[in-house]
Each structure stands twice: as C-alpha cells, then as structure tokens.
Number of protein chains: 2
Amino acid sequence: MKIDPNNPADLSAQIAAAIRDAIVSGKLIVGDRLPSEAELSEQFEVSRPTVREALKRLAAQSLIRTQRGAFGGAFVNRLSYADAHAQQITTSTLLLGMNDVSFDTACEARFAMERACARLAAERRAPDHLATMRAEITRQGQPGLSDEAFCASDVAFHRALVDAAGNPVLSYQLAGAVEAMQPLMNMITFTARSREAIIALHARIADAAEARDGADIEAALQELEGYTRELARSVFAARRTERGVE
Amino acid sequence: MKIDPNNPADLSAQIAAAIRDAIVSGKLIVGDRLPSEAELSEQFEVSRPTVREALKRLAAQSLIRTQRGAFGGAFVNRLSYADAHAQQITTSTLLLGMNDVSFDTACEARFAMERACARLAAERRAPDHLATMRAEITRQGQPGLSDEAFCASDVAFHRALVDAAGNPVLSYQLAGAVEAMQPLMNMITFTARSREAIIALHARIADAAEARDGADIEAALQELEGYTRELARSVFAARRTERGVE
DNA sequence: TGACATTTCATTGTCCAGCAAAACGAGTCG
DNA sequence: CGACTCGTTTTGCTGGACAATGAAATGTCA
C-alpha cells in the first residue's frame, strides 16, 4: 500500500483514506485480512495507536471488523443492507435535524420517492406484503392506540409497500428516508378524525395494490401527501397562535 | 454523560455510542464543544487513547470536528449536505459492489427515483439548470470524447435534472444513487450509435423541462431506462459469448 | 490411532508517560 | 498603537508495556 506525505492532515485520517481507497477500488475484497496493527505501523511508519485510530475510523463505517486472538485481525467487512440501512437512517436523521429542513421539503421528498415505488409494487406485490399492510391498517384502527404506536405502524405499512416493489436497492433508499422522517412526523399530534382519513387512504392503497393498480396507488399517495402537509400546516398554525396568546 | 459497564464490547465503541446518542437526542447541539480528551478520560474512567479512538469513530461519520490549540477541542459538527452526500455515495458504492446487485436491479431503482423528480423539475427548473443540461448535451456530442468523460457528463446532466426539482433532500438522496451507479454504468462500452440515442433522449428531457412538461420528462426517462437496460443486456450477452469461445 | 486437555503465541484491547505542534491570550517592548 | 514573545491549553503522535483472547500446535491418555 502507499505511504503518506507528512504535510497536510491527520496521519490517522490519511491512513484510513488509503485503506478505504484500497477497499473501494477492489484491491482489498470482502473477507481479506488486513496486515496486523504492528505490520501496518511499520508499513506506514507511524505508531500503533495512530494505526488503531485509522482502523477505528473504518470500523465506524462498518468497512472492517476486528477480531482478537491468534488468527484475528482486521477483516474487510461485507456491507450488508442492514448496515447500510442503519447508517442511512442516522445520517438522514442528523441531516434533517441539523439543517432546519422544513416539514414541507422533507415531506415532498419522501412522498416523491415513495410514489416511485407505486407501479413496481402493484406489479410485484406478494400475498404477504398485502397481509402486512392489512394487519397494520387493522392495528391503526384500534382505539386507545398511542400516537407513537400509530406512527410506528404507519412506518411499517409504508415499508411493506416499498418492499412490495421487490427491489432491495429501492427498499434500502426508501426505508431510510421514511424512517428518518418519523421524528418529524411525530411532531404532529394525530386526532381521531385525522387518523380516520389516513387509514382510509391506507386501505385504498392496499386495495389498489391487491388490484395491481399502480396508478391508483400513486394517486392515493398524492392525496396522502396533500393531507399530511395540510395537517402539518394547521398544527403549526395552531402552535403559533398558542405562542401568540401566551 | 453516562458511564460504561465493563462487560460487553469495546470501550471505545461504547463511548462513541454514548456521545453519538447525546448528539442525536439533542443533549449536544451543533457548535457545542465536547470536554477535552483528558476530561473525557476522567469522566469515563478510561485512558486517553481509548477516548481518542472513540472520537475518531465519530469524526469518521463527520459528527464532530477537532481543532488543535488552546481553545480547540472537539466540536459537534453541522452535518452538511455535502458531507451526507459523500457518505451516501461511498455507502451505496460499497453496497452495490459487495452484494452482487444485478445491473437491472440497480438501474431500475435509479430510474424509478429519478422519475420521482420529473414533475417537480418541470415545475421549478431555473434557467441555469437548463443551461447546465444543454452544456452537458453539447459536450456529450463532441467526437473523440472518452468513455469516462461521457459518463461523467452523463452524471452531471442527470444531477442538474435532479437539482432542478429544487428540493435539497431529494437531491441528496438521488445524487447519491446516481453517482454510486457510475462504476456500474462504466462497465458498458458506449458505441457511437448508442451515444447518439442517449443524447437524443437527453435533448428530449431538456426540451420537456424547458416546456415544463413533467409527463414527457418521465416518459423520456422511461425510454432511457429501457434503452440502458437493453444495451447492458446485449453487452453482457456479447461478453458471455466471448468467454464461451475462449 | 483417536479424542481430549494443555500449552503456545500472534493479535487486538487498554493503559501510561511524555514530547511536539498548534492556536489563542496576555503581557512586553519598540 | 503595533509587533513580538511567552505561556497555556489542547490535540497529534510516539514508544513501550501488559492483559485478554482465541485458534493452532502440542501433549496426554485410552
């Protein structure tokens, strides 16, 4: 592998970048064992703690996993959909939380992407996708359901719709977006009336999926987006009024 | 902050998780300065190298940035769109490269998401988006353009289309997907004939965007998807034949 | 010979103590 | 007033050291 010029930035960052490049470029493939920390420190001419910091950086992105013991070491990790998914959620959540993204912007992006799945989901939905969607609709109709549980069920419903499209790459992208939105969605208190309207649209989506009517799924999602944004507007307006009264 | 039980996993991972939780839960907000490494090592009752490894993990996710000097230290970083974008690209690239995702699957996901931007892009495109698209189309038509440069221009064109939708969240998600696909797209050797067809579709997209015709952007993208997948199929078939002859 | 216990040993995890480099503030001097 | 030096705080990095671990090699017994 390559050495580092002594000038610009952190040595550990440079080493991490060098190894990361070796992985993405294919010089190191899944399952390969990296040299031991001692060997790496010789190779890069740095101390072992510095190498360790570099390895921890890579481990934080789940690019490598480490194992103690005689034939242990650092191994190139297969990035699973689950890992990538988890990373995407934390990244998206922080991005939304730290950049004053408006509810409208986030909501628009989320539904635009979800509509992208509509036709594929209609085409490929399997019985168990439909079953999951129906089950979540039933749960959402139960009285006394907490707002948090309703939101969680809402996420599960939409996740089933996305999964029905039968494209794991799409699921990975979409589920991240949907789940990252949940904290924002939770800011809206659902009244009994708004739940009814949402459940009705969910039922329409499930019916359309069963009938393999992709256009109607899209239309229902469009309505759901409009309704959600309208709901958010009124909730925020009410909050502003409250604050104004105080 | 909280302490760590001594039992299960790496101390540095536990500390990193504790600080990460403090950030996502809002106990630490953007710009906050973390205690110095020495203070943290006292607080968590571990050594300074261990704390440093934890901080490097967080720095790898650009959750914090560090600064040397008297009033330096580790600060909670504002996760910029650029940072999130870069992370998404590496994650998506590795995910595609390591999991034997078929070209069809990746291509389908990419175009499905891009079509999600079509109507918004038609609605909101500004003159400079159109200018970028036209410029890239011109570049793509130049003879003697290398395959790599053609692909890069292709990415820039689609990125301009996505940006035209005027939704930064959507841009962040989409641009990641498009750029992660580039290594896969590069596997296809573009002939002069296929370039012509692609440029024609690009021109149709630009025209439709100028005319604010979202439906036609969608249709053109649909055709582009079909053409790309057909092209890939024939290229792969040719390669299989070659291998069979050898 | 075969199954099981023991030892060996390379490797990561953690710690200690210290030096160098950077960046800022305060004081000093022209 | 401005430029300079100096001290302080903090991260970046080094070298060495020991503990924990886990698999391979070795020894032991039937």
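The sequence lines fix the lettering, A, B, ..., with proteins before strands; numbering per chain opens at 1. Small disclaimer: the values here were computed from a predicted structure and weren't measured.
For the 3.5 Å distance criterion, the side chains of B/Thr105 and B/Ser102 qualify, holding a donor opposite an acceptor. A donor atom on one side chain and an acceptor atom on the other are not found under 3.5 Å apart for B/Thr91 and A/Gln88.
Atom CG in A/Leu40 sits roughly 13 Å away from atom P in C/dG13 (whole-Å rounding). The nearest whole Å value for the distance from the CZ atom in A/Phe75 to the C1' atom in C/dT12 is 11 Å.
Using a 4.0 Å cut-off between charged nitrogen and carboxylate oxygen, B/Glu136 and B/Arg139 count as a salt-bridge pair.
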Hey, what are the protein-to-nucleotides 11-14 of chain D N/O distances that come in under 3.5 Å?
residue : atom : partner : partner atom : Å
D/dT11  : OP1  : B/Glu37 : N            : 3.2
D/dT11  : OP2  : B/Glu37 : N            : 3.2
D/dG12  : OP1  : A/Asp10 : OD2          : 3.2
D/dG12  : OP1  : B/Thr66 : OG1          : 3.0
D/dG12  : OP2  : B/Arg52 : NH1          : 3.0
D/dG12  : OP2  : B/Lys56 : NZ           : 3.1
D/dG12  : O4'  : B/Arg68 : NH1          : 2.9
D/dG12  : O6   : B/Arg48 : NH2          : 2.9
D/dC13  : OP1  : A/Leu11 : N            : 2.6
D/dC13  : N4   : B/Arg48 : NH2          : 3.1
D/dT14  : OP2  : A/Ser47 : N            : 2.8
D/dT14  : OP2  : A/Ser47 : OG           : 3.0
D/dT14  : OP2  : A/Thr50 : OG1          : 2.7

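Although no hydrogens or angles enter the test, the distance criterion places no donor-acceptor pair under 3.5 Å between the side chain of A/Ser92 and the main chain of A/Ala177. A/Asn167 places a side-chain N or O within 3.5 Å of a backbone atom of A/Val169 that can act as its donor or acceptor partner.
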